[in-house]
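Worksheet: the structure to be examined is printed underneath.
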Amino acid sequence: MDGAAPVTTAVRWPGRAAGLALACHPGPVVAVTALACALAAGVGLSPVRFALVGAAVLAGQLSVGWCNDAYDAGRDARAGRRGKPVADGVVSVRAVWGAAAVAGVLCVPLSLACGLLAGTVHLVAVAAAWLYNLRLKATVLSWLPYALGFAALPSLVALAAPGAPWPRWWTVAAGALLGVAAHLGDTLPDIEADRAAGIRGLPHRLGATGTRLLLPVPLLGATAVLVLGPPGPVGAGALAVLGLAGAAALVGPVLGRWWRKAALAGAVAVAAADLALLLVSGAALT
């Protein structure tokens, strides 16, 4: 773990359990798992495969979230960040590392049960996320695990289908672009605090202004790939989604001057529009 040990306090079991739940970064865990389940439902996976995909993604996300909070506990404590259960001493670093390990171990058979190729793709993405937590977060390659992770979701779902068909290139490309956008939007509100803590990922090197200007590029790119990538004529509805996504991608970073989470909210809106495009197109993943 990086840096000084967090403060320890006497906390009863229900408090520790709640702290452990909060330490997994429940927002991203739920969002990514729900996205995977929505994609799985969209391609019509059997109930068993649907459950396996959801469980594998949930286990992987839990392991990544707990790893992140455990590893950053010392840095969070030094920075005085409140609301971090490990840094606040609500739950011990050892307990969170243990939970991360258990979730990571469970992720392996759950992923492989989706199919050898599907499971391998997902496990590579989870390993990349761990590498982000432990090393790449503070480097110029901080965007790469996000790109791999989001590209892996449509790949996992497609390869989990009967016959393990390869995913369409535009779904993988759009996922990677959305991953880069998620990294930029999630990091933007905390760039200055992170830089003070010595983190030098890509957004921190670009600075708040550079990150705000770059963010619309992968967002628009992802939507454009989904609209223009599939063969055949482009429908009016798809073009309307592209226009709305462009507006959200541009307005979010602008409003970020007054609302810290505006850029991330815009990114989420575009991601929702892109998910709608995929679900409307049904089996377009394969």
Side-chain angles (χ1 to χ4, degrees), residues 1-7 22-29 31-32 61 64-89 93 96-97 100 127-150 176-221 249-268 270-271:
M1 185 187 69
D2 178 35
V7 176
L22 290 173
C24 76
H25 295 229
V29 167
V32 175
Q61 290 300 304
V64 171
W66 278 321
C67 167
N68 182 280
D69 251 32
Y71 186 76
D72 285 347
R75 182 186 294 122
D76 292 336
R78 292 197 308 273
R81 291 183 177 177
R82 310 307 300 171
K84 294 282 190 176
V86 187
D88 289 344
V93 176
V96 178
W97 274 125
W130 271 68
L131 185 59
Y132 170 84
N133 289 338
L134 303 178
R135 173 61 181 164
L136 293 183
K137 181 178 182 178
T139 74
V140 73
L141 294 177
S142 60
W143 57 273
L144 183 58
Y146 277 81
L148 289 174
F150 277 72
L177 288 167
L178 285 174
V180 174
H183 177 45
L184 296 175
D186 186 45
T187 307
L188 183 56
D190 300 315
I191 282 180
E192 296 307 322
D194 288 343
R195 290 174 81 172
I199 299 175
R200 298 288 293 174
L202 177 62
H204 311 96
R205 295 166 192 255
L206 294 173
T209 300
T211 301
R212 190 177 291 113
L213 293 174
L214 178 61
L215 179 56
V217 175
L219 287 174
L220 286 172
L250 294 171
V251 170
V254 172
L255 293 179
R257 296 176 179 271
W258 299 276
W259 178 30
R260 293 177 68 250
K261 295 290 186 178
L264 181 58
V268 171
V270 175

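By convention here, the first residue in the shown sequence is residue 1.
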| task | Quick one: which residue pairs count as a ring-ring contact (aromatic ring centres under 6.0 Å, His included) with a foot in residues 188-218, not counting sequence neighbours? | result | none

| Taking every non-hydrogen atom, the tightest pair across W130 and C67 | CE3-SG, 3.6 Å

| query | Which pair of heavy atoms, one from A129 and one from V64, lies closest together, and at what distance? | reply | CB-CG2, 3.5 Å

| note | Correct closest heavy-atom pair for A73 and V93 would be CB-CG2, 4.2 Å

| Residue list, side chain to side chain donor-acceptor pair (under 3.5 Å) with N68, at least two apart or on another chain | H25, N133

| Point-to-point distance, once rounded to the nearest 0.5 Å, from CG of L215 to CG of L220 | 9.5 Å

| Can you tell me how far CG of L184 sits from CG of L206, rounded to the nearest 0.5 angstrom? | 7.5 Å

| said: Once rounded to the nearest 0.5 Å, what's the spacing between atom CG of L148 and atom CG of L131? | reply: 10.0 Å

| remark: By side-chain contact (heavy atoms from CB on, under 4.5 Å), L177 pairs with (sequence neighbours left out) P218, A222, V225

| message | Donor-acceptor check, side chain of T211 to backbone of L188, threshold 3.5 angstrom: yes or no? | response | no

| Can you name the residues that form a side-chain contact (heavy atoms from CB on, under 4.5 Å) with A147, not counting sequence neighbours? | W143, A176, V180

| note | Here the pair of heavy atoms bringing A70 nearest to V96 is CB-CG1, 3.8 Å

| Quick one: side-chain contact (heavy atoms from CB on, under 4.5 Å) partners of Y132, sequence neighbours excluded? | K137, S142, P145, Y146, H183

| said: Going by side-chain contact (heavy atoms from CB on, under 4.5 Å), name the residues that satisfy it together with V140, two or more places apart in sequence or in a different chain. | reply: L202, R205

